Amino acid sequence: MYRAPRGTTDILPEQQAYWRYIEQKAARICRLYGYERIDLPMFEDTGLFTRGVGEGTDIVEKEMYVFEDRGGNSLALRPEGTASVCRAYLEHGLHNRPQPVKLFYIGPAFRYERPQAGRYRQHNQFGCEAIGDADPALDAEVIDMAWQFFFSLGLGRFTVVINSIGCRKCRTEYLSALKEHYSPHLDEVCPDCQVRFQKNPLRLLDCKNPRCQPIADGAPKSADYLCPECTEHYDEMKRHLGILEIPFKEDRRLVRGFDYYTRTVFEVQPEAGGSQSSLGGGGRYDGLLEELGGKPTPGVGFATGIERMVLGLTRENIPVPPIPGPEFFIAHLGNEARDSAMKLATTLRHKGAAVLISTGGRSLKAQLRQANTLGIPRVAIIGEDEVRTGTVMLRDMTTSKQESVPVGKLVELVV
RNA sequence: GUGGGUGUCGCCUAGCGGUUAAGGCGCCAGGUUGUGGCCCUGGAGAUCGGGGGUUCGAAUCCCCUCACUCACCCCA
């Protein structure tokens with residue numbers, strides 16, 4: 001027996017209501033904030049991600065699905081969406097449109113990880129990117145938008161956590177200060193941190209190993225090393241968040257796993273603990289477009305994980321609007337009746353009614369049982385008598401009342 | 001990638017060295033003539049995740065493997 005590959009899932013019909021719900025809320029919030037949909041390829045040139053996301057990141061280094069196509073090109077299943085959006089921005093000359101260009105996407109991302117609840121090798125993201133404007137008000141708007149989105153889902157408790165990691169300039173300065181702080185303690189620190197020290201010093205800060213806590217606690221704070229411009233940007237953004245009345249928490253240690261982030265970073269975290277630390281996150285990436293070969297162009301955005309939202313909705317028992325089922329069920333007895341039943345079914349469907357017609361030549365009892373189980377409110381029964389008189393027996397399944405009506409009249413009933 | 005837990009019909013569970021592997025839900029059919037939801041009866045559906053061992057004998061013990069799951073890591 002074949003099974004779905006590890007870390008992938010089938011989304012069965014009974015789960016679709018959640019997905020529809022989330023997609024609708026996403027589309028709505030995007031409309032309210034002026035974001036337009038973009039659909040992007042699921043695989044890209046590998047270089048787009050190694051350059052964009054960063055060579056040293058876990059995602060690129062050990063989680064990316066990389067393959068060679070038959071033409072010998074190195075391609076990668078996209079591990080995230082931002083790099084693709086930026087590529088599209090550059091490729092299609094979107095700088096010629098009114099700035100910022102606001103785009104959103106919904107689709108799968110792929111990472112070779114060890115799956116667990118809320119974490120998959122193929123998962124779906126809803127993400128937004130605003131490219132071409134460095135105004136801190138835009139950062140605040142993006143955070144506001146993420147916040148409103150989760151709020152509109154009805155998801156109970158979540159927190160917005162923010163930080164600024166500075167620009168290229170002040171980050172370099174900060175990193176050397178950080179390394180200076182750690183280097184005398186390298187032998188006390190966990191092996192992971194020893195690797196981080198070399199590879200990705202920023203990550204030293206959010207090590208959870210108790211051994212490293214004292215050293216991390218005493219480490220210089222990125223906030224203290226921000227250049228005046230970055231400080232001003234950060235303060236302005238916070239001021240705007242205040243105006244928008246978005247509750248947020250500052251976490252000086254918050255860093256993210258992509259190299260392209262500059263200045264603002266943020267995460268939306270479920271308050272109810274749980275293992276998966278974030279529902280979504282994002283930040284500013286003012287160097288990314290240039291890194292990808294474009295002119296220096298600022299950008300800011302966020303991405304969310306749809307599976308995690310579904311998980312949250314189910315865990316919190318939040319009701320979502322059901323997907324409507326068939327309105328009519330047509331039961332029939334005998335060959336002649338089946339022919340006119342099929343005819344009636346198409347006629348009703350042409351008029352826009354959702355109709356299920358029984359197949360397989362089952363007893364009337366079985367057909368009604370099926371209609372009942374499926375929760376279809378009305379059943380049209382067609383037997384020999386009805387064929388002869390050009391009528392159907394229309395049964396209301398909720399009241400158990402039925403009456404004989406001419407076929408023409410039934411068709412008229414459906415508008 | 002590291003560590004822990006779990007794995008019996010579609011779903012939930014019983015069985016824990018010798019049973020025709022049991023039950024509930026669901027599914028299908030019947031309870032006379034063309035009628036659902038309740039009830040009754042019957043049926044289909046499991047080589048007990050897979051592979052190897054130990055044993056006269058294994059779903060039950062051991063090893064490997066796969067999958068799921070939790071924590072770490074990382075992130076959505």
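Owing to the predicted nature of the structure, the values given are computational and were not obtained by experimental measurement. Scope of the values below: all heavy atoms of this structure, side chains included, with no hydrogens, waters or symmetry mates. So that the names make sense, note that chain A is the first sequence line, chain B the second, and so on, each numbered from 1.
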* Structure fact -> 5' to 3', nucleotides 24-31 of chain B under a 4.0 Å protein heavy-atom cut-off (B base, S sugar-phosphate only, - none) gives ---SSSSB

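With a cut-off of 3.5 Å on both pairing distances, B/A21 has no Watson-Crick or G-U wobble partner at all. Searching all strands for a Watson-Crick or G-U wobble partner of B/A29 with both distances below 3.5 Å returns B/U41. Shown here, B/A67 forms a base pair with B/U6; the pair counts as Watson-Crick or G-U wobble because both key distances fall under 3.5 Å. In this structure, B/C72 forms a base pair with B/G1, meeting either the Watson-Crick or the G-U wobble geometry with both donor-acceptor distances under 3.5 Å. For B/G57, there is no paired base (Watson-Crick or G-U wobble, both distances below 3.5 Å).
Rounded to a whole angstrom, the distance from the C1' atom of B/A46 to that of B/G23 is 14 Å. The same atom, C1', is picked in B/G49 and in B/G26; the two are 22 Å apart, to the nearest Å. Separating the P atom of B/U55 from that of B/U47 is a span of 27 Å, rounded to the nearest Å. Taking the P atom of each, B/U32 and B/C68 are spaced 49 Å apart, rounded to whole Å. B/C73 and B/G57 have their C1' atoms separated by 46 Å, given to the nearest Å. A distance of about 24 Å separates the C1' atoms of B/C61 and B/U20, rounded to the whole Å. The gap from the C1' atom of B/A44 to that of B/G30 amounts to 14 Å, rounded to the nearest Å.
Nearest to the side chain of A/Glu63, among B/C74, B/A76, B/C70, sits B/C74. When each of B/U35, B/G34, B/A76 is scored by its nearest atom to the side-chain atoms of A/Leu333, the top-ranked nucleotide is B/G34. Ranking B/C68, B/C73, B/G34 by closeness to the A/Pro115 side chain, first place goes to B/C68.
With hydrogens and angles ignored, a donor-acceptor pair under 3.5 angstrom links the side chain of A/Glu386 to the base of B/G34. Side chain A/Arg114 to base B/C72: no donor-acceptor pair is found below 3.5 Å. One N or O donor and one acceptor, one from the side chain of A/Glu113 and one from the base of B/A76, sit under 3.5 Å apart.
Close to B/U35, at under 4.0 Å from its OP1 or OP2, lies no side-chain N or O of A/Arg395.
Paired with A/Tyr285 under the rule ring-ring contact (aromatic ring centres under 6.0 Å, His included), one option of A/Phe302, A/Tyr89, A/Tyr260 passes, and it is A/Tyr260.
The residue A/Asp385 sits close to a base: some heavy atom pair falls under 4.0 Å. Residue A/Gly281 is in sugar-phosphate contact alone, with no base atom involved, counting any heavy-atom pair closer than 4.0 Å across all strands shown. Residue A/Gly375 is classed as having no contact, given no heavy-atom separation below 4.0 Å to the nucleic acid.
Residue pairs meeting the salt bridge (Lys or Arg N to Asp or Glu O under 4.0 Å) criterion with at least one member in residues 341-364 of chain A: none, sequence neighbours excluded.
Between A/Pro5 and A/Gly305, the residue anchored closer to the 5' end of RNA chain B is A/Pro5, taking for each the nucleotide with the nearest heavy atom.
Between A/Phe126 and A/Phe149, the distance from one ring center to the other falls under 6.0 angstrom. Ring pair A/Tyr35/A/Phe104: centre-to-centre distance not below 6.0 Å.
In terms of the side-chain contact (heavy atoms from CB on, under 4.5 Å) criterion, residue partners of A/Leu90 (sequence neighbours excluded) are, by chain and number, A/Leu289, A/Leu292.
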* List the steps, then state whether side chain to side chain contact (heavy atoms under 4.5 Å, CB included) holds for A/Leu410 with A/Phe328. => CA-CA 11 Å; A/Leu410 172 60; A/Phe328 285 98; 3.9 Å; yes

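Contact annotation: the side chain of A/Arg308 approaches that of A/Ser278 to within less than 4.5 Å [non-hydrogen atoms, C-beta and beyond].
Listed here is the closest heavy atom pair of A/Ala26 and A/Ile106: CB-CD1, 4.3 Å.
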